[in-house]
Amino acid sequence: MTSLYHQTYENWQKDPGAFWQEAAKDIDWMKPADHVFNPDNGAYGRWFDGATCNTCYNCVDRHLEAGHGSRLALIHDSPVTNQVSRYTFAELYQRVNALACVMHDHGVQKGDRVVIYMPMIAEAIFAMLACARLGAVHSVVFGGFAARELAVRIDDAKPKFVISASCGIEPNRVVAYKPLLDEAIELATHKPDHCLILQREKLECELVDSRDLDYHDHVGKALDQRRIIECAEVAATDPLYILYTSGTTGEPKGVVRDNGGHMVALKWTMEHHYGVKPGEGFWAASDVGWVVGHSYICYGPLLHGCATIVYEGKPVGTPDAGAFWRVIQDHNVAALFTAPTAFRAIKKEDPKGQLIKQYDLSNFRTLFLAGERSDPATIEWAQEHLGCPVIDHWWQTETGWPMSGNAVGLGALPIKLGSPGVPMPGYDIQVLDDDGHPVKPGTLGNIVCKLPLPPSGFPTLWNAEQRFHDAYLSEFPGYYATSDAGIIDEDGYVFIMARTDDIINVAGHRLSTGAMEEVLSSHANIAECAVIGMADAMKGQIPVGFYVVNDGVDFEPADLEKELIQLVRAKIGPVAAFKTAIGIERLPKTRSGKVLRGTMQKIADQADWKMPAAIDDPLILDEIKAALIKKGILEKEAS
Ligand code: COA
Ligand code: AMP
């Protein structure tokens, strides 16, 4: 099939309003928009201004009304509990309504915030949809974060209601969620009115007082009574959710997503980018705590009428590296979306792809990778063993859907290894130098998108309009600064090379080294520190901390290292994967005192590096190298 991509992109360029108006026909609106795009509303304009709608209605109710109630909507596949549960759209409707009724009974109304802190279970999706139904704004917090991170989010979002579970299940341990939630509420200044807790068999928890409500009791009763609550009419521009993501130092940034534009964009991608049809199985092997989980475990597939898979397991070890192929076979998955790190983990355990042959993957068509750079070796391995197109695509929490990719629904373009494809309609991606001038094709620079962002693009940060401007809009006026550096080649393919801020990417998880440095610095014995992201064959990057102790401190390096590792785990969470802290005498700095993290990273990665002209004392870099050798990270001959 000849690709319709170029023609589609041109159509969008010629008339973005007409393009998105056409796409909006696939959504059921309560009231149509006054303006498809209103440039005078918000920081750079708003999409579908004046329209009203409900996202839950579009994900659930309308499929019933169209006679598809018996179609599979959601499959919870949990190798860690040996359970598989299936829900049709009709069942999903009942579950979501019952939960929404309970929330409403306890005072949750349109505009109220609700924090969802849950493992990968079907109830996490019910909770998101129940919020959407009521017009409440959810904020899902990833289970791998520590209590303090949860507390920060509670204080920023100020939820009236929290929905959580007694525990999450990791292959090596049961994670007790309730004590983390209790601690977070204790730490937070804001106190939610109620916490609805789902008791899980593996580890039940105590419900302390009238603040805590038992999910099974309350929702079970509402379900038995088949209670229904109408979908709230919300403005297309009203927030559907807040999703916190790591930002340049300091507090996480609350990315705000609206209702209308989000639905339009996601629905468009399901057909055109991912090339799936209603009724097919779509699996994003991520977590509801990340944007991938929001867009492509919850909203995208359900808007499109696909069966979505909520997988509570890992690519390896639950029980083996064949887990993904079993899920694809058992649930008729047509398209899988995951992070390259998952494939690197599988490839390591099953290099010849032997396990793939044990499963029937005949309905499987396409593998999509995102979240971090896809290394060509991983793509080639997947292509060879799966025999299907492997599509790398690039996007961010801030956009909610692919900025660049390869729209297989429009007919795939040739794949260039190392590139996450070409700009999607909606995105005018450019590469600018530090002074804001466009660079020639093939030249490295700052990747930006010309404003406005398309539907689903975040209109602001929650409670932080100024930060939104400072972090994203002010550096290159008229453009959204992605904080990614890269190139666009002669054929228009984008290549993402690095972040321009302090973010590192660990197993597809976006983490701030600045936040880790803050934690290390909070230790009484630490004078100063630097955290870098070091290349890792499995996780893409892993954090490595360098610290200098206060003068006169008598310490045992091994003990201090353990304390620092534990501190990061306790304050940020296990997801930080912070496992290495190295004591050094001094940090390499420029004469003006800037820590040379970039050079330290290149030394750790054994990449080529130049002596920074402004370095204070070049000898310190030898000390860094020596410390890495002593730690066993670099080999001696590399010195
Ligand atoms: N709740 C609590 N803890 C969690 C968690 C959760 N939801 N998710 C992860 N963690 C913990 C893990 O148990 C691990 O803890 P440990 O230090 O005690 O072992 C730590 O956080 C790091 O987790 P992770 O980065 O997932 O590493 P891993 O070693 O457990 O697994 C992979 C490695 C490659 C299998 C895993 O990273 C993976 O499946 N990656 C897929 C990437 C992905 O989904 N990215 C999302 C964006 S698309
Ligand atoms: P997140 O907001 O957590 O989805 O992380 C977004 C960041 O992940 C981007 O800014 C990139 O740095 C990185 N990223 C996501 N997808 C890709 C990709 N396909 N290739 C390279 N980097 C990616």
Side-chain angles (χ1 to χ4, degrees), residues 53-60 74 92 95-104 106-143 145 149-150 152-165 177 181 184 190 192-198 215 219 229 231-232 234-235 238-245 252-260 262-263 266 286-300 302-303 308 310 397 400 456 458-459 461-463:
C53 55
N54 185 283
T55 296
C56 180
Y57 176 84
N58 277 278
C59 289
V60 185
L74 191 158
L92 183 63
R95 303 270 172 169
V96 170
N97 268 286
L99 175 54
C101 286
V102 170
M103 291 164 70
H104 191 254
H106 290 89
V108 178
Q109 292 183 357
K110 182 157 121 180
D112 288 338
R113 271 82 58 214
V114 175
V115 159
I116 300 172
Y117 184 57
M118 291 187 118
M120 285 295 287
I121 52 181
E123 286 78 3
I125 305 296
F126 304 160
M128 293 165 83
L129 294 168
C131 288
R133 190 165 195 91
L134 297 174
V137 181
H138 63 68
S139 186
V140 183
V141 180
F142 176 61
F145 281 124
E149 291 286 328
L150 181 55
V152 167
R153 287 153 173 81
I154 289 175
D155 269 339
D156 196 58
K158 299 194 172 35
K160 184 177 256 181
F161 204 80
V162 174
I163 307 178
S164 188
Y177 273 40
L181 174 61
H190 173 83
D193 293 352
H194 290 290
C195 299
L196 184 65
I197 310 291
L198 181 97
Y215 190 105
V219 182
I229 187 164
C231 289
V234 301
D238 278 344
L240 169 70
Y241 69 75
I242 306 164
L243 179 56
Y244 289 89
T245 186
K253 299 190 270 200
V255 167
V256 174
R257 184 84 57 228
D258 67 8
N259 274 273
H262 179 239
M263 286 196 279
L266 292 192
S286 177
D287 188 287
V288 283
W290 308 117
V291 70
V292 175
H294 282 61
S295 296
Y296 294 112
I297 297 176
C298 183
Y299 293 111
L302 295 175
L303 282 167
T308 186
V310 176
T397 306
S456 167
F458 69 143
L461 292 175
W462 186 255
N463 280 339

Could you pull out the closest heavy-atom pair between [X] and [Y], with the gap in Å?
X      : Y      : result
Asp112 : Gly107 : OD2-O, 3.3 Å
Val114 : Ala136 : CG2-CB, 4.1 Å
Glu149 : Pro252 : OE1-CG, 4.5 Å
Ala130 : Met103 : CB-SD, 3.8 Å
Tyr299 : Met128 : OH-O, 3.4 Å
Gly289 : Leu243 : O-CD1, 3.6 Å

N/O donor-acceptor pair under 3.5 Å between Arg95 side chain and Phe126 backbone:
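No; zero donor-acceptor contacts below 3.5 Å.
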Could you check whether any side-chain N or O of Asn54 sits under 3.5 Å from a backbone N or O of Ala132, counting only pairs where one atom can act as donor and the other as acceptor?
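Yes; at least one donor-acceptor contact below 3.5 Å.
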With rounding to the nearest 0.5 Å, note down the distance linking [atom1] in [X] to [atom2] in [Y].
X      : Y      : atom1 : atom2 : answer
Cys59  : Leu74  : SG    : CG    : 11.5 Å
Leu99  : Leu198 : CG    : CG    : 10.0 Å
Arg153 : Ser139 : CZ    : OG    : 7.5 Å
Glu123 : Ser164 : CD    : OG    : 12.0 Å
Cys56  : Leu92  : SG    : CG    : 7.5 Å
Thr55  : Asn259 : OG1   : CG    : 3.5 Å

Does the side chain of [X] reach to within under 4.5 Å of the side chain of [Y], using non-hydrogen atoms?
X      : Y      : answer
Leu196 : Val219 : yes
Thr397 : Lys253 : no
Leu266 : Tyr296 : yes
Val255 : Ile242 : no
His104 : Leu134 : yes
Phe458 : Arg257 : yes
Val137 : Val256 : no

Assess whether side chain to side chain contact (heavy atoms under 4.5 Å, CB included) is satisfied between Leu150 and Val115, documenting all intermediate values.
CA-CA 9 Å; Leu150 181 55; Val115 159; 4.1 Å; yes
Partner residues of Tyr117 under the ring-ring contact (aromatic ring centres under 6.0 Å, His included) criterion, sequence neighbours left out
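Once residues adjacent in sequence are excluded, the partners of Tyr117 under the ring-ring contact (aromatic ring centres under 6.0 Å, His included) criterion are Tyr177.
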Hey, mind stepping through Thr308 and Ile125 against side chain to side chain contact (heavy atoms under 4.5 Å, CB included) and telling me if it holds?
CA-CA 10 Å; Thr308 186; Ile125 305 296; 5.5 Å; no
Could you go through Leu302 and Leu129, starting from their C-alpha distance and side-chain angles, then the distance that decides it, and tell me whether this counts as side chain to side chain contact (heavy atoms under 4.5 Å, CB included)?
CA-CA 10 Å; Leu302 295 175; Leu129 294 168; 3.8 Å; yes
Evaluate the criterion side chain to side chain contact (heavy atoms under 4.5 Å, CB included) for residue pair Arg133 and Ile229; output intermediate values, then yes/no.
CA-CA 8 Å; Arg133 190 165 195 91; Ile229 187 164; 4.1 Å; yes
His294 vs His138 aromatic rings, parallel, tilted or perpendicular, using cut-offs 30° and 60°?
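Answer is tilted, since the angle falls between 30° and 60°.
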Does the plane of the ring in Tyr241 sit parallel, tilted or perpendicular to the ring in His262? Use 30° and 60° as the thresholds.
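Tyr241 vs His262 ring planes: perpendicular.
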